[in-house]
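See structure below.
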Amino acid sequence: MSFDYLAELQKQTNPKSSDEFTVRYHWLITDEKKNADDLRSKWSQRNKHRQVTLTQSLASFWNEFDKPKAELTFLPPFSWFLQFTFTLAKPYISKDDNPFYIIDNPIVRDKVFRLPMIRSTSWKGNLYSALWQLGYDKKEDEVMQRLFGVVRGKEQESDEEIGQAGRLLFYPTFFTETGLEIINPHDRKCRVGKNPILFESVPIGATGTFSLLYVPFDRVGQDEAETKRQALEDLQRVAEGLQAMFLTYGFSAKRTSGYGTAKDAIEGVVKTQADKKPLTSLSQLLKEVKDVAF
């Protein structure tokens with residue numbers, strides 16, 4: 001990859017003006033709070049909605065970056081890859097650990113291009129949470145243990161550490177749009193908001209790509225009929241969890257308040273080493289993967 005391409009993408013996704021606003025704000029806040037507040041208000045007006053527009057020369061690179069591919073030919077038998085593009089029905093909010101920003105609640109961004117993102121670990125935690133809310137408990141459920149792994153611990157008798165990685169490999173999701181949400185907590189007695197809080201967000205209508213790879217590495221060399229049965233069972237469990245996560249429970253910070261859900265229509269595919277099926281609807285996802293061939 002050319003460094004020219006990297007420099008161009010960084011220039012587009014991390015506007016110099018945003019950095020300048022942040023520096024000026026932190027300089028003013030020390031002794032000119034009113035001017036600092038005015039500056040932040042101006043920044044907020046400019047960033048109610050920001051769209052990153054990629055040049056034609058970067059389009060092919062972005063497609064590879066945004067939609068990762070998995071070559072199943074080189075993976076263990078009965079591996080599968082699920083990927084679809086979704087559209088936000090409610091804004092997505094997350095909390096970055098960047099201490100140097102013009103507002104207190106910046107969205108999580110990747111370290112290189114500064115694009116808004118959902119980390120792979122966040123997808124894993126949210127999917128597990130959705131399945132748990134559906135009644136599946138990893139401590140008592142073999143499928144959950146296969147998917148998400150077993151935390152390392154020590155056996156009481158041998159005092160040896162045991163543990164197992166899960167079969168699911170999550171990919172991050174990137175967005176090219178940002179917006180701002182204003183949350184105004186109300187006083188319980190007066191029922192009046194006093195201190196509005198700004199949250200950077202990914203707005204309604206933004207699109208992202210969810211990608212998930214399943215590899216039954218712990219079944220290599222074992223009975224293929226049983227491995228095939230487990231792969232299909234695991235796929236159906238994941239589809240059930242994805243339906244609940246995207247449409248009902250959400251995958252965002254403050255998801256209990258309705259943030260971070262998606263529209264029903266999707267465009268994607270589930271691939272095995274023997275089959276490839278289109279995915280068109282989150283509400284029908286469980287049906288669409290039910291008869292996939294292995």
Side-chain angles (χ1 to χ4, degrees), residues 62-90 92 117-120 122-131 133-134 136 143-144 146-148 166-177 202 204-216 227-252 255 260-294:
W62 170 249
N63 288 334
E64 296 294 328
F65 185 65
D66 183 47
K67 295 181 174 63
K69 297 178 181 179
E71 183 50 70
L72 300 179
T73 306
F74 304 105
L75 295 177
F78 309 110
S79 298
W80 48 261
F81 181 65
L82 185 150
Q83 184 178 78
F84 57 81
T85 298
F86 62 91
T87 303
L88 288 177
K90 295 292 180 65
Y92 172 78
M117 69 178 295
I118 303 177
R119 294 189 177 108
S120 56
S122 295
W123 280 129
K124 181 178 181 180
N126 282 305
L127 179 57
Y128 178 83
S129 176
L131 286 167
Q133 291 181 83
L134 290 174
Y136 299 111
V143 176
M144 294 289 282
R146 293 198 303 255
L147 293 175
F148 296 97
R167 297 178 181 177
L168 297 181
L169 299 172
F170 294 81
Y171 294 75
T173 295
F174 300 92
F175 300 98
T176 58
E177 295 180 61
V202 179
I204 294 174
T207 60
T209 300
F210 176 83
S211 304
L212 177 62
L213 177 64
Y214 171 89
V215 182
T227 305
K228 178 180 179 180
R229 184 195 69 79
Q230 290 185 12
L232 181 57
E233 183 181 26
D234 293 348
L235 176 58
Q236 293 172 341
R237 177 69 61 84
V238 168
E240 184 181 1
L242 291 176
Q243 281 184 236
M245 179 181 71
F246 276 95
L247 296 177
T248 305
Y249 299 118
F251 46 89
S252 167
R255 59 182 180 270
T261 56
K263 296 181 180 180
D264 185 47
I266 57 175
E267 183 178 348
V269 66
V270 57
K271 296 194 300 183
T272 68
Q273 293 165 332
D275 196 11
K276 180 178 180 180
K277 290 197 63 180
L279 302 175
T280 61
S281 170
L282 286 168
S283 62
Q284 300 298 314
L285 192 60
L286 189 57
K287 292 182 180 180
E288 291 182 338
V289 305
K290 187 175 183 180
D291 57 350
V292 65
F294 284 93

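No experiment lies behind these values; they were computed from the predicted model shown. The figures here come from the full heavy-atom set of this structure, side chains too, leaving out hydrogens, waters and symmetry mates.
R167 CZ to W80 CH2: the interatomic distance, rounded to the nearest 0.5 Å, is 10.5 Å. To the nearest 0.5 angstrom, W123 atom CH2 is 14.0 Å from R119 atom CZ. We find the CD-CG distance between E177 and L88 to be 9.0 Å, quoted to the nearest 0.5 Å.
Taking a 6.0 Å sphere around NZ of K263, one finds it holds 12 or fewer heavy atoms contributed by other residues, nucleotides or ligands. Dense packing is recorded around NZ of K271, with more than 12 heavy atoms of other residues, nucleotides or ligands lying under 6.0 Å away.
No donor-acceptor pair under 3.5 Å is formed between the side chain of S120 and the backbone N or O of P172. At least one donor-acceptor pair under 3.5 Å links the side chain of D264 to the backbone N or O of L282. Within the 3.5 Å criterion, the main-chain N or O of L286 finds a donor-acceptor partner in the side chain of Q243. No side-chain donor-acceptor contact under 3.5 Å links Q230 to the backbone of V143.
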Quiz item: What do the steps show when you test E288 against S281 for side chain to side chain donor-acceptor pair (under 3.5 Å), and what is the final call?
Solution: CA-CA 8 Å; E288 291 182 338; S281 170; 5.6 Å; no

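The existence of a salt bridge linking R229 and E233 is confirmed by a sub-4.0 Å separation between a basic side-chain nitrogen and an acidic carboxylate oxygen.
Between F170 and F148, the ring-plane angle classifies as parallel under the 30° and 60° cut-offs.
Side-chain atoms of S79 and Q273 include no donor-acceptor pair closer than 3.5 Å.
Closest non-hydrogen pair, N126 versus F251, comes out as ND2-O, 3.4 Å. Taking all atoms of both residues into account, the shortest heavy-atom contact from L242 to L82 is CD1-CD2, 3.9 Å.
No cation-pi contact links R255 to Y249, judged by a cut-off of 6.0 Å to the six-membered ring centre and 45° from its axis.
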